[in-house]
Structure formats: C-alpha cells, structure tokens
2 protein chains.
Amino acid sequence: MADIARRTEHRYGNRPTMKDVAARAGVGLKTVSRVVNGEPGVTPDTERRVQEAIEALGFRRNDSARVLRKGRTATVGLVLEDLADPFYGPLSRAVEEVARAHGALLINGSSAEDPAREQELALALCARRVDGLIVIPAGDDHRYLEPEIRAGVATVFVDRPAGLIDADAVLSDSFGGARDGVAHLIAHGHRRIGFIGDRPRIHTASERLRGYRAAMEDAGLPVDDAWVSPGSTEPERVRTAVREMLDAAEPVTALFAGNNRVMVTVVRALAERPRPVALVGFDDMELADLLGITVIAQDAAALGRTAAERLFRRLDGVDDVPERVVLGTTLLARGSGEIPPSAG
Amino acid sequence: MADIARRTEHRYGNRPTMKDVAARAGVGLKTVSRVVNGEPGVTPDTERRVQEAIEALGFRRNDSARVLRKGRTATVGLVLEDLADPFYGPLSRAVEEVARAHGALLINGSSAEDPAREQELALALCARRVDGLIVIPAGDDHRYLEPEIRAGVATVFVDRPAGLIDADAVLSDSFGGARDGVAHLIAHGHRRIGFIGDRPRIHTASERLRGYRAAMEDAGLPVDDAWVSPGSTEPERVRTAVREMLDAAEPVTALFAGNNRVMVTVVRALAERPRPVALVGFDDMELADLLGITVIAQDAAALGRTAAERLFRRLDGVDDVPERVVLGTTLLARGSGEIPPSAG
DNA sequence: TAGAGCCTGGACAACGTTGTCACGGGAGGG
DNA sequence: CCCTCCCGTGACAACGTTGTCCAGGCTCTA
C-alpha cells in the first residue's frame with residue numbers, strides 16, 4: 001500500500017523506469033539500458049522481449065538522469081535579444097540547424113535588451129549545465145560568465161563582442177558597412193547626411209556611428225551635431241529626429257538608418273513627406289526590396305552558423321585562443337539610396 | 001592520485017558540488033542545500049560562511065540533479081515549424097514571456113515542416129521531461145504523443161489542431177478570415193477571384209480554401225478550377241500560378257494569397273506586371289502597410305500567449321476537458337484589396 | 001572430456017541534489 | 001533543578017540512469 005501511495009503521488013505521473021521494464025521483460029536493469037542505447041552484447045531474443053516491454057509500458061528514457069550520470073547534456077543555450085526581431089529569426093534558425101547536425105538541442109530565451117535579464121538567463125542556462133552558450137549581448141560586462149567559462153562552458157558571442165572578458169565573438173562589419181553606406185550616399189552627391197542610430201552603449205551602434213563619421217571625413221565633409229541622433233529605437237524619438245533634420249534651416253538631403261527598427265520608422269516617416277529623401281539602412285528586411293530601400297545587408301544566417309560551428313568546434317575539444325571573426329556586409333542598391341539631393 | 005585523476009577527467013570540468021561547498025564551509029551537505037534554496041532554519045552566521053564558500057568556489061547548483069530529484073523541470077518545449085518565418089517570431093516571444101512569468105525556461109526547435117522531424121523533436125523534449133509541450137503541428141497524426149500526455153506532459157497545439165488525438169488547440173479563424181477577405185474583394189466588384197494557398201493537408205490551408213469557396217458561394221459566384229491553386233509555397237510554383245491565372249482567356253481580376261509566404265511571392269510577381277491586380281493576403285507582415293497590401297491579420301502574439309496560459313493552467317492542476325480556442329482575425333484595408341476589377 | 005576463452009546478463013556504485021528523520025543543545029516552564 | 005519542547009544541523013536514502021566488474025554457461029580445441 002505504501003508502494004501504491006508512492007507511485008500515485010509520484011511526480012512524473014506514473015512514468016515507467018528501466019527497472020519496471022526490466023521486471024516486465026524478466027531481465028536485468030543493465031540489459032534494458034543496453035537495448036535502449038543500442039549497445040552490443042544482447043541476444044536478439046532478449047532484445048525483442050525488452051522492446052516489447054518498452055512498447056507495452058510506454059517507457060521513455062529519462063534524459064535528466066542520463067545527463068546527471070554522463071555529464072554532457074547535448075544542449076546548447078542561445079541568449080538573444082528579442083525573438084520577435086526579424087533579424088534574429090534566421091540567426092536562431094541557423095544555430096538550431098548546426099546544433100541539430102551535432103545532435104544537440106537548443107534552449108533559448110530573450111533578454112529583452114536588459115543586461116540583468118541577460119545575466120539571469122545565461123546563468124540559468126549554466127545551471128542546467130548546457131554544454132555551450134551563444135550570447136547576443138545586451139549588457140557590456142560579461143565577467144559574470146568567467147567562472148562558467150573556466151568550468152568548461154563553451155561560449156561564443158554573436159553580433160556584439162563580450163564586455164570585459166576575452167571570448168570568441170562573431171560579428172558583422174558594422175564600421176565598414178556603415179562607412180560604405182554613407183560613402184554610397186556621398187557618391188550620389190549628398191553633402192549633408194543625417195545619422196539615426198541606437199544607443200551608443202551598444203557596440204554595433206557606436207561602430208556604425210564611427211563608420212558614418214569616417215565616411216564623411218574621408219570625403220572631407222563636416223558633420224553637424226544636429227545631423228547625428230544616437231538614442232533609442234523608440235518610434236516617437238526617431239520620428240522627431242527625422243522631422244528636425246529635414247525641417248532645419250539647412251536640412252539634410254539623405255539619411256542613414258542605423259538598424260532595421262530605425263529604418264522601418266524612418267521609412268514610415270518619409271512616406272508622409274512630399275519630397276523624396278535619400279535613405280540607406282543597416283539590415284535587410286523582407287519586402288524591403290519591393291519598397292526600393294537601399295540597405296547594407298548582413299548575413300544573419302551566416303552569423304549564426306559561424307558562431308554555432310565555432311561553439312561545437314570547442315566542444316569537440318579544439319582549444320585555440322578566443323578569436324573575433326568579422327563577416328562582411330553587402331550594399332544592396334534598390335533606389336532609395338540613389339536619389340540625388342533635392343535642391344536645398 | 002586516483003582521486004586527482006577522477007576529478008581531472010570529470011565531465012563538468014571541475015565544477016564544485018554542494019559537498020565541496022559544505023567541506024569548505026565546515027558544515028553539512030544539507031545546510032548548503034538549505035542556503036542555496038533559501039530555506040529557513042539557518043543561522044545568519046552559518047549562512048554567511050556558506051555564502052562565502054559558494055563565492056570562493058564559484059559554485060552553481062546543478063539543475064540536472066535537482067530535476068532528477070524533484071521531478072519538475074520548470075521547462076516547457078516549443079515545437080514550431082520554422083524559426084525564420086516572421087509569423088512565429090512574435091508567437092514564440094509571447095510563449096516565452098508567459099513561461100518567464102511562471103519561472104520556466106523554453107526549449108525550442110523547428111520541424112522544418114517535416115512530420116518525422118516534428119515527432120523526433122517532440123519526443124526528444126519529452127525525454128528531457130519538459131513539464132509541458134506547445135506544438136505547431138507539421139504532421140497530421142499525433143497519436144505518438146498519447147503515452148506522453150497520459151504520463152502527464154501538458155500539451156497544447158497552436159495554429160493547427162492535433163491530428164487523431166483529443167487535445168487542447170488554439171487557432172486563428174482561418175475559415176472566417178479567408179471568407180471575409182474574399183467577401184471584401186467581391187464587395188469591391190470582383191467576380192473572378194484566384195486563390196493561391198499551401199498544401200491542403202495543412203489544416204489552416206484547407207480551412208482558408210474552404211473560406212474562399214464559402215464566400216464565393218455566398219455571393220452566388222461560380223468557382224473555376226483554374227482559379228484555385230493549392231500546393232506548396234515554393235516561389236516558382238506560385239509565380240506560375242499567378243501567370244496562368246492572369247494570362248488566361250478569362251483572367252481573374254483579384255487574388256487571395258493563403259499565407260504570408262505566398263503573399264510575398266505574389267506581390268513580387270504582381271510588381272512586374274503593368275496592370276494593377278487586387279490582392280488580399282492572409283497574415284500581416286512588417287512593411288506590408290507601406291506597400292499598401294490589404295491583409296487578414298491574425299494576432300500571432302495572442303495565439304502564443306493564449307496557448308501558453310492554457311498550458312500553465314494545466315500545469316497548475318486545472319484538469320478540464322481538451323478544448324479548441326479560436327481567435328478572430330482582422331481585415332486591414334490598405335489599398336491592394338480595394339482595387340476595382342480592370343476591364344477584362 | 002577437460003580446460004580455456006568468449007559472450008550474455010546482472011549486481012552494484014556513482015552522478016549531485018532534495019526529503020525525511022533523528023540528534024544535540026539551549027530556552028522556558030513546572 | 002529537571003523535564004519538555006523547539007530550533008539548528010547533519011546523516012541517509014532516493015531520484016533513474018550508466019560504467020565497472022564479475023559470474024555463469026556456452027563453444028572450441030587439445
């Protein structure tokens with residue numbers, strides 16, 4: 001009776017264990033384990049009996065116990081910034097693809113751009129003993145991961161580098177991409193170009209701003225402070241920035257949008273204005289081709305794939321020094337970036 | 001020496017355990033457990049000593065072992081179709097949000113629309129003993145999940161109903177949405193309307209086709225077989241369908257696109273043609289507003305949120321009969337659906 | 001026919017944690 | 001002053017699996 005009670009209030013409902021299977025098949029515990037894991041040394045006849053018992057009981061191996069025993073979880077964690085951001089879909093998918101090829105599962109969660117949440121999430125994944133971690137940083141101090149990395153959690157940062165620790169990172173060439181985009185506008189005759197970006201705390205954002213300034217300097221053009229609007233991607237702020245730059249006494253004739261969210265808002269804002277304004281945006285998006293928006297495209301899938309491959313290389317025991325990989329960007333000319341300056 | 005060897009080749013690198021912490025703090029194992037879990041009954045002084053040891057060793061609780069002991073993983077699985085599909089981003093994010101609110105993590109993976117892969121993935125998640133499972137079905141036979149559900153894995157299907165088993169499902173009103181969309185076109189004077197959708201094996205696809213037929217019938221309009229193209233969402237096939245419908249002797253004057261992927265291809269195909277063709281698409285997308293595409297919008301976030309809430313309600317012990325929840329859709333008129341028929 | 005070797009199968013410990021229970025000491029009441 | 005009660009603490013088993021090791025029975029050979 002005590003036994004019945006135990007079984008009844010058992011936490012997994014009433015999941016059969018290998019012991020149950022062994023009892024039913026009339027074999028030893030280890031023999032069941034062998035069959036389940038396809039290990040050699042089991043007579044076809046015994047194997048059949050075990051399989052039947054597994055079938056009859058609806059047994060499924062408890063991987064939690066397995067993990068505890070074996071030490072490897074065959075699981076990698078992905079901490080991203082926002083699952084709903086179209087940029088991260090392909091990235092995440094590419095990571096999953098590689099993980100799958102290595103027989104691993106993916107746990108993920110988003111930090112919602114909150115450093116505290118990023119840390120909480122990353123450490124929760126470490127507590128689950130993920131074999132490796134891919135992080136798209138929200139914060140700029142990752143020293144909290146040092147003990148984990150020392151303890152053997154392979155870690156790769158994507159899209160932005162780690163802060164204050166030495167770790168692998170796979171990045172797009174934000175600086176070069178932005179410089180190329182702005183140079184493209186300059187080549188089409190623009191002299192006064194506005195830059196609207198994300199908070200400069202974010203590495204990619206500051207790099208893109210740096211790229212903007214470099215392109216202007218290369219062309220010997222001055223940069224007016226009023227043309228530069230780093231800040232949040234909050235739509236209202238972006239709209240205000242667009243308005244101020246275009247309605248100034250000496251308005252800008254072209255805009256560079258620092259990322260996809262900014263770009264979307266800028267496009268919406270420009271759609272309401274009579275005169276066309278040249279625009280180049282960082283990040284490609286679905287349908288952007290149909291709208292004729294010239295963009296600096298980064299290859300999100302390649303970013304994810306490269307990072308994941310690097311991660312699994314480390315998990316396979318390769319142990320070279322942390323490295324920073326930078327992937328190139330592509331300028332896709334579609335019209336909006338080729339609009340000439342309208343007479344001031 | 002044997003001990004050193006054991007530690008050295010240990011699988012988690014050299015992670016300290018509660019035992020190590022206990023030894024260093026000079027307390028018992030259970031006391032460490034109490035401190036780590038914030039249980040009462042520990043002197044402030046003892047607690048401080050334990051905390052110091054934890055700090056010094058860089059201890060982090062091994063949740064695998066914890067799970068094994070407690071039975072609950074505080075993890076839910078999400079099996080979706082394609083992480084890169086913009087429709088699933090917000091859905092996935094909403095699920096994560098709810099999971100987070102319940103203190104649970106999310107493991108996910110995509111089936112790539114392959115039923116076999118869906119099954120493999122779902123069962124792998126069950127082997128990890130996720131507490132619950134949210135599935136966007138790729139296949140149409142989910143009997144393989146019956147033992148798991150019986151064993152206590154809460155399961156909710158989203159976007160499409162489960163096949164051959166009785167389970168919770170949260171769906172958009174595909175039938176009603178498609179009917180409304182087609183009725184909208186009819187209201188704007190169209191008589192010959194083409195339908196381009198996904199494979200009819202997919203529940204939503206066949207429901208949308210049924211909605212199309214219902215709207216036509218309601219208006220007393222005949223449906224020519226040549227106007228209906230169910231099939232894959234493969235771009236080349238969609239382009240061919242568009243061409244054939246528009247270049248026929250009696251061409252259609254409007255198109256209804258069965259989902260976002262079809263819609264994108266249709267928009268691209270129509271952009272190359274001289275005469276405007278009316279279009280309504282199922283699923284909204286970013287930038288679709290700027291392109292003036294009239295759509296039947298479903299609320300992906302609400303879908304995910306509703307499903308996740310239902311899941312956690314079950315996990316909290318509520319045990320009502322499986323139910324099917326249908327969420328309404330919204331027609332967003334933006335121009336493309338209001339184009340009148342061009343003279344045939 | 002006996003000994004050696006191989007092959008199948010099972011007993012047992014260990015993985016790191018938590019629940020149960022028991023123990024020792026200090027406080028409070030009779 | 002002694003007994004009781006409570007509180008802080010720790011020993012121990014258990015969760016379900018896998019690695020190690022040994023036993024028993026078989027075959028093959030001398």
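Just so it is clear, the structure is predicted and the values come from calculations on it, not from any experiment. Within every chain, numbering begins at 1; the chains are lettered A, B, ... in the order of the sequence lines, protein sequences first and strands thereafter.
- Atom CZ in B:Arg72 sits about 19 Å away from atom P in D:dC15, given to the nearest Å.
- Under the side chain to side chain donor-acceptor pair (under 3.5 Å) criterion, B:Glu118 pairs with B:His142, B:Tyr144, not counting sequence neighbours.
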Working for salt bridge (Lys or Arg N to Asp or Glu O under 4.0 Å), residues A:Arg314 and A:Glu323: CA-CA 12 Å; A:Arg314 283 209 181 273; A:Glu323 207 177 43; over 6 Å; no
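- OP1 or OP2 of D:dT9 has at least one side-chain nitrogen or oxygen of B:Thr46 nearer than 4.0 Å.
- A search for side chain to side chain donor-acceptor pair (under 3.5 Å) contacts involving A:Glu113 returns A:Arg199, A:Arg261, not counting sequence neighbours.
- Rounded to a whole Å, the CD atom of A:Glu47 is 17 Å from the P atom of C:dC7.
- For B:Thr43 and D:dT9, the shortest distance from a side-chain N or O to OP1 or OP2 is below 4.0 Å.
- In B:Glu55, the CD atom is not crowded: 12 or fewer heavy atoms of neighbouring residues, nucleotides or ligands sit closer than 6.0 Å.
- A side-chain donor-acceptor contact under 3.5 Å links B:Ser110 and A:Glu96.
- Nearest heavy atoms, B:Arg66 versus B:Asn37: NH2-OD1, 3.2 Å.
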Protein-to-nucleotide contact annotation, 5' to 3' order, nucleotides 17-26 of chain D [B base; S sugar-phosphate only; - none; under 4.0 Å, heavy atom]: BBBB------
